[in-house]
A.B. asks: 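This is the structure, below, for whatever I ask next.
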Amino acid sequence: MTAVASTPLLAFLERLQKTALATFGLPDFDPKFYVDLSLKSDLAAVERAFAALPRSPDGSVRVKDLEKFIADHFGDAGADMVPARPADFVPEPEGFLPRVKNPAVRAWALEVHALWRDLSRRVDDAVREQPDRHTLLPLPGPVIIPGSRFREVYYWDSYWVIRGLLASKMYVTAKSIVNNLVYLLNTYGHVLNGARVYYTNRSQPPLLSSMIRAIYEKTHDVKFVEESLLALRKEHGFWTSGLHQITVQDRECSHNLSRYYAMWDKPRPESFTIDEESASNISSSSEKQKFYREVASTAESGWDFSTRWMRNPEDITTLATTSILPVDLNIYILRMELDIAFFEEIAGNPSIAKHFLEAAKAREKAVSTVFWNERMGQWLDYWLGDSSSCMEGQHWDAANQNQKVFASNFIPLWINVFNSDKTLVEKVVKSLRSSGLLHNAGIATSLTNSSQQWDFPNGWAPLQHMIAEGLARSGSSEARSLAEDIVIRWIRTNYVAYKKTRAMHEKYDVQKCGEFGGGGEYVHQTGFGWSNGVVLAFLEEFGWPEDRQIDCQ
């Protein structure tokens with residue numbers, strides 16, 4: 001695995017980012033803005049103009065000088081992603097959300113549906129013609145972006161975007177997103193975190209097979225599945241080899257499991273100034289490199305950032321993501337193995353299907369052995385010992401399970417392997433009810449209020465969806481009832497927040513119905529791809545009766 005997340009343009013934009021921080025200062029400084037700028041002319045000429053700017057001793061430039069320099073030499077951040085009206089968008093699709101009977105909810109759902117048109121983009125032709133002037137990567141077709149500062153396609157966001165697009169009957173757009181992700185996978189050896197040069201050093205939670213499976217279940221397009229198979233096998237190899245794979249030994253056998261591990265040991269370009277500041281008190285250069293690797297690996301997890309990955313919840317420099325076997329990552333890979341086995345059968349490759357089915361059975365056993373905690377009724381992340389960096393086998397020890405409660409402890413419910421076990425589901429439902437995660441407006445991400453965005457009191461659409469969908473599909477009436485309760489609370493908070501702000505939000509405060517979330521290293525974002533997708537997917541599956549109140553209770 002090689003990282004190419006550095007180019008002459010990106011190195012210059014990192015310098016520009018640092019100068020901008022010194023010049024403009026905080027608050028609301030967003031370092032990502034500067035690495036998303038595209039050049040109007042050759043880099044050498046822009047660098048000469050930058051060097052000629054008069055500077056103060058602290059390296060800052062006069063505000064008006066820097067503003068003029070940026071306006072003269074760069075296009076707006078994100079201007080190289082241009083609006084693209086989706087070919088399959090209609091204002092009200094035929095058969096749209098038939099179970100939504102409440103007129104107010106239906107009208108709102110159509111407004112959320114209309115956001116696909118607003119979030120649809122394609123890469124401008126200039127990116128292909130002059131790639132050295134852009135950090136954006138060329139893509140073969142249109143995509144749906146999350147929104148606000150997230151101006152490009154993102155990997156795991158796209159699964160819930162696609163679930164929403166399928167509810168909107170936008171199958172062509174859904175397939176286009178997958179085709180773009182497959183293009184990135186074939187080009188770089190893994191699906192990138194996002195379609196920018198600076199994201200090539202890492203992936204994100206691997207849900208490509210889940211996207212393809214969801215599309216297949218709606219369209220039964222065998223050709224679409226067959227065309228994706230080689231790429232899916234390649235992705236499986238990425239996550240089950242090299243530094244991503246760890247072996248844990250118990251008394252009976254060895255278990256192969258996966259972890260997040262970014263190939264990067266420098267500040268993230270999109271957060272260069274933030275990472276440098278975080279590492280400023282680390283004296284050793286090798287310890288700084290280790291910290292930067294942990295930061296990038298945490299970004300690969302999608303949970304950036306959370307006390308889930310920290311040895312000390314109050315100190316971000318104690319991030320240790322590469323020392324953790326995460327429950328949810330291994331569930332995504334187990335689902336991938338089951339999906340590939342299913343697809344290979346469809347494609348007429350029974351021997352390959354058998355291989356992936358065996359891999360899935362081995363991972364299922366590993367998940368049950370390494371992560372399951374009978375006393376808590378949850379699956380717990382597993383901390384690795386020091387030998388993980390040496391690729392030696394780990395010896396399983398119950399004391400290495402992380403006993404803290406996170407929403408991720410319940411993600412195994414999402415797949416049939418676990419939600420089909422009635423006795424297990426009953427234990428997990430009881431555990432979830434008493435976990436402290438269930439609140440007025442949804443499932444909290446953790447129980448720790450740390451000011452990190454993947455912690456309490458924030459709730460995120462993907463976590464609500466996976467847990468509620470797993471509960472609903474379990475066959476247990478009690479689990480289905482809990483799922484409906486979660487869904488009602490989540491839809492209400494999204495609706496009320498939308499009515500107040502006229503926007504869908506990236507995350508919500510689960511303590512207060514109708515309030516969006518906060519924390520983290522950037523200001524709150526709207527748009528918002530996966531929130532839109534989960535609302536539409538929930539409304540399609542669960543509906544909304546005419547007489548059910550939609551306002552906060």
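Side chains included, hydrogens not; waters and symmetry mates left out as well; all remaining heavy atoms used. None of these values were measured; they are calculated from a predicted model.
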A.B. asks: Looking only at side-chain N and O atoms, does Gln452 offer a donor or acceptor that is under 3.5 Å from a partner on Ser306?
C.D. replies: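 There is no such pair (donor and acceptor under 3.5 Å, judged by atom type) between the side chains of Ser306 and Gln452.
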A.B. asks: For Tyr332 and Arg335: C-alpha separation, side-chain torsions, deciding distance, then whether side-chain contact (heavy atoms from CB on, under 4.5 Å) applies.
C.D. replies: CA-CA 5 Å; Tyr332 304 144; Arg335 184 158 176 162; 5.7 Å; no
A.B. asks: Could you verify whether a donor N or O on one side chain and an acceptor N or O on the other, from Gln394 and Thr247, lie under 3.5 Å apart?
C.D. replies: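 The answer is no; no qualifying pair exists.
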A.B. asks: Does the Lys NZ or Arg CZ of Arg308 fall within the cation-pi geometry relative to Trp454 - under 6.0 Å from the ring centre and within 45° of the axis?
C.D. replies: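 Not flagged: Arg308 not positioned over aromatic ring of Trp454.
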A.B. asks: Using a strict 4.0 Å threshold on nitrogen-to-oxygen distance, state whether Glu337 and Arg363 make a salt bridge.
C.D. replies: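 Counted as a salt bridge, because a side-chain N and a carboxylate O are separated by less than 4.0 Å.
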A.B. asks: Answer yes or no: does atom NZ of Lys365 have more than 12 heavy-atom neighbours from other residues, nucleotides or ligands under 6.0 Å?
C.D. replies: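 Atom NZ in Lys365 is not packed in, count stays at 12 or less.
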A.B. asks: Does Arg293 have any side chain to side chain contact (heavy atoms under 4.5 Å, CB included) partners at least two apart in sequence or in another chain, and if so, which?
C.D. replies: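 Expected list: Tyr261, Asp265, Ser297.
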A.B. asks: Within the supplied structure, the quantity of interest is the number of heavy atoms (other residues, nucleotides, ligands) at a distance under 6.0 Å from Asp76 CG; does it exceed 12?
C.D. replies: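 It does not: Asp76 CG has 12 such atoms or fewer within range.
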A.B. asks: Step by step, work out the ring-ring contact (aromatic ring centres under 6.0 Å, His included) result for Tyr34 and Phe74.
C.D. replies: CA-CA 10 Å; Tyr34 298 94; Phe74 296 94; 9.1 Å; no
A.B. asks: Would a distance-only check, ignoring hydrogens and angles, find a side-chain to backbone donor-acceptor pair under 3.5 Å from Gln453 to Phe305?
C.D. replies: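 Not a single qualifying donor-acceptor pair exists.
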A.B. asks: Checking Gln378 side chain against Asn409 main chain: does a donor-acceptor pair fall under 3.5 Å?
C.D. replies: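 Absent.
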A.B. asks: Can we say Asp42 and Arg133 salt-bridge, meaning some charged N sits less than 4.0 Å from an Asp/Glu carboxylate O?
C.D. replies: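 Yes, Asp42 and Arg133 are salt-bridged.
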A.B. asks: To the nearest 0.5 Å, how far apart are CG in Asn373 and CG in Asn402?
C.D. replies: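 Rounded to the nearest 0.5 Å, the CG-CG separation comes to 11.0 Å.
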A.B. asks: Scan residues 269-289 for pairs that pass ring pair (Phe, Tyr, Trp, His ring centres under 6.0 Å), counting only residues two or more places apart or in two chains.
C.D. replies: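 Qualifying pairs: none.
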A.B. asks: Are Ser258 and Ile246 close enough that some pair of their side-chain heavy atoms sits under 4.5 Å apart?
C.D. replies: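 No. Closest side-chain heavy atoms not under 4.5 Å.
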A.B. asks: Just verifying a value: how many Å separate Ile282 CD1 and Glu287 CD, rounded to the nearest 0.5 Å?
C.D. replies: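 One finds 7.0 Å between CD1 of Ile282 and CD of Glu287.
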A.B. asks: Once rounded to the nearest 0.5 Å, what's the spacing between atom CD1 of Ile331 and atom CG of Leu413?
C.D. replies: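 The CG atom of Leu413 is 9.5 Å from CD1 of Ile331, to the nearest 0.5 Å.
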A.B. asks: Are His439 and Phe456 near enough that their ring centres are under 6.0 Å apart?
C.D. replies: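 Yes; Phe456 has its ring centre under 6.0 Å from that of His439.
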A.B. asks: Is the Tyr260 to Trp239 ring centre distance short of 6.0 Å?
C.D. replies: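 Under 6.0 Å, so yes.
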A.B. asks: Determine the interplanar angle of the Trp396 and Tyr382 rings, folded into 0 to 90°, and report it as parallel if under 30°, tilted if 30 to 60°, perpendicular if over 60°.
C.D. replies: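 Because their plane-to-plane angle is under 30°, the rings of Trp396 and Tyr382 count as parallel.
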A.B. asks: Can a donor-acceptor pair be found between the side chains of Asp455 and Ser450 at a distance below 3.5 Å?
C.D. replies: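 The criterion, which ignores hydrogens and geometry beyond distance, is satisfied for Ser450 and Asp455.
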A.B. asks: Angle between ring planes, His73 versus Phe69, binned at 30° and 60°: parallel, tilted or perpendicular?
C.D. replies: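 Taking Phe69 first and then His73, their aromatic rings sit tilted (interplane angle of 30° to 60°).
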A.B. asks: With Asp125, which residues qualify under side-chain hydrogen bond (donor to acceptor under 3.5 Å, both in side chains), at least two apart?
C.D. replies: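 With sequence neighbours excluded, Asp125 shows a side-chain hydrogen bond (donor to acceptor under 3.5 Å, both in side chains) to no residue whatsoever.
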A.B. asks: Tell me whether the NZ or CZ atom of Arg202 lies within the 45° cone about the ring axis of Trp264 and under 6.0 Å from its centre.
C.D. replies: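 Judged by the rule, Arg202 and Trp264 form no cation-pi pair.
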A.B. asks: Please verify the inter-ring angle class for Trp460 with Trp530; under 30° counts as parallel, over 60° as perpendicular, anything in between as tilted.
C.D. replies: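 Ring orientation, 0 to 90° scale: perpendicular.
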A.B. asks: Keeping Ser531 on the side-chain end and His505 on the backbone end, is there a donor-acceptor pair under 3.5 Å?
C.D. replies: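 The answer is yes, because a donor-acceptor pair under 3.5 Å joins these two groups.
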A.B. asks: Just distance, no hydrogens or angles: give the donor-acceptor pairs under 3.5 Å from side chains in residues 177-187, sequence neighbours left out.
C.D. replies:
from, atom 1, to, atom 2, distance (Å)
Asn179, ND2, Lys175, O, 3.3
Asn180, OD1, Gly141, N, 3.0
Asn180, ND2, Gly141, O, 3.2
Asn180, ND2, Pro142, O, 3.1
Asn180, ND2, Ser176, O, 2.7
Asn186, ND2, Val182, O, 3.4
Thr187, OG1, Tyr183, O, 2.7

A.B. asks: Can you name the residues that form a ring-ring contact (aromatic ring centres under 6.0 Å, His included) with Phe291, not counting sequence neighbours?
C.D. replies: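 Phe291 satisfies ring-ring contact (aromatic ring centres under 6.0 Å, His included) with no residue once adjacent residues are dropped.
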A.B. asks: Would you say the side-chain atoms of Thr445 and Asn458 include a donor-acceptor pair closer than 3.5 Å?
C.D. replies: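 The answer is no; no qualifying pair exists.
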A.B. asks: For Asp328 and Ser408, test the side chains for any donor-to-acceptor distance below 3.5 angstrom and give the result as yes or no.
C.D. replies: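 Checked: Asp328/Ser408 side chains show no N/O donor-acceptor pair below 3.5 Å.
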A.B. asks: Counting the benzene-type ring for Trp, do Tyr159 and Trp414 have ring centres under 6.0 Å apart?
C.D. replies: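 They qualify: ring centres under 6.0 Å apart.
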A.B. asks: Is there a donor-acceptor pair under 3.5 Å between the side chain of Ser148 and the backbone N or O of Gln525?
C.D. replies: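 Side chain of Ser148 to backbone of Gln525, a donor-acceptor pair under 3.5 Å: no, none is there.
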A.B. asks: Between Trp309 (side chain only) and Trp303 (backbone N and O only), is there a donor and an acceptor less than 3.5 Å apart?
C.D. replies: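 Pair found, side chain donor or acceptor close to backbone of Trp303.
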A.B. asks: Taking the ring of Tyr154 and the ring of Tyr199, is the distance between their centroids below 6.0 Å?
C.D. replies: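 Yes; Tyr154 has its ring centre under 6.0 Å from that of Tyr199.
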A.B. asks: Just one of Thr369, Val370, Leu384 clears the side-chain contact (heavy atoms from CB on, under 4.5 Å) bar with Leu257, so which one?
C.D. replies: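 In the set Thr369, Val370, Leu384, the residue that makes a side-chain contact (heavy atoms from CB on, under 4.5 Å) with Leu257 is Val370.
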A.B. asks: Does Glu152 come within less than 4.0 Å of Arg121, counting only side-chain N to carboxylate O?
C.D. replies: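 The answer is no: the pair does not qualify as a salt bridge.
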A.B. asks: Are Arg149 and Glu506 close enough for a salt bridge, meaning some N to O gap below 4.0 Å?
C.D. replies: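 Not counted as a salt bridge, because no side-chain N and carboxylate O are separated by less than 4.0 Å.
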A.B. asks: If you measure from OG on Ser209 to CD1 on Ile340, what distance do you get to the nearest 0.5 Å?
C.D. replies: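 It comes to 6.0 Å.
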A.B. asks: State, with a plain yes or no, whether a side-chain heavy atom of Arg122 is found less than 4.5 Å away from one of Met81.
C.D. replies: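 No - every pair of side-chain heavy atoms lies 4.5 Å or more apart.
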A.B. asks: Might you work through the salt bridge (Lys or Arg N to Asp or Glu O under 4.0 Å) test for Glu521 and Arg268, ending with a clear yes or no?
C.D. replies: CA-CA 13 Å; Glu521 63 179 23; Arg268 294 165 296 152; 3.1 Å; yes
A.B. asks: Atom CG of Leu232 and atom CE of Met211: how far apart are they, to the nearest 0.5 Å?
C.D. replies: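 Those atoms lie 10.5 Å apart.
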A.B. asks: Is Phe528 close to Asp157 at the side-chain level, that is, under 4.5 Å between some pair of heavy atoms?
C.D. replies: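 The answer is yes, as the side chains (C-beta and beyond) meet within the 4.5 Å cut-off.
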A.B. asks: What distance separates Asp381 CG from Asn400 CG, expressed to the nearest 0.5 Å?
C.D. replies: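 Output value for this atom pair is 12.0 Å.
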A.B. asks: Could you tell me if Tyr198 and Asp36 have a donor-acceptor pair between their side chains, going purely by distance under 3.5 Å?
C.D. replies: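 There is such a pair between these side chains.
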A.B. asks: Below 6.0 angstrom between ring centroids: does that apply to His524 and Phe516?
C.D. replies: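 Ring-ring flag for His524/Phe516: true, centres closer than 6.0 Å.
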A.B. asks: What's the verdict on side-chain contact (heavy atoms from CB on, under 4.5 Å) for Ser203 and Asn193, showing C-alpha distance, side-chain angles and the deciding distance?
C.D. replies: CA-CA 4 Å; Ser203 187; Asn193 182 152; over 6 Å; no
A.B. asks: Parallel under 30°, tilted from 30 to 60°, perpendicular over 60°: which one fits the rings of His190 and Phe238?
C.D. replies: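 Taking Phe238 first and then His190, their aromatic rings lie parallel (interplane angle under 30°).
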A.B. asks: Can Ser280 and Glu277 be said to form a side-chain contact (heavy atoms from CB on, under 4.5 Å), step by step?
C.D. replies: CA-CA 5 Å; Ser280 59; Glu277 173 63 26; 4.1 Å; yes
A.B. asks: Under the side-chain hydrogen bond (donor to acceptor under 3.5 Å, both in side chains) definition, can you give me all pairs with a residue in residues 18-27, not counting sequence neighbours?
C.D. replies: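 Listed once each, the pairs are Lys18-Glu276.
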A.B. asks: Using the side-chain contact (heavy atoms from CB on, under 4.5 Å) rule, take Val161 and Asn532 through it: C-alpha gap first, then chi angles, then the decisive distance, then the call.
C.D. replies: CA-CA 7 Å; Val161 167; Asn532 308 348; over 6 Å; no
A.B. asks: Do the side-chain N and O atoms of Thr322 and Glu294 include a donor-acceptor pair separated by under 3.5 angstrom?
C.D. replies: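 Indeed, the side chains of Thr322 and Glu294 share at least one donor-acceptor pair under 3.5 Å.
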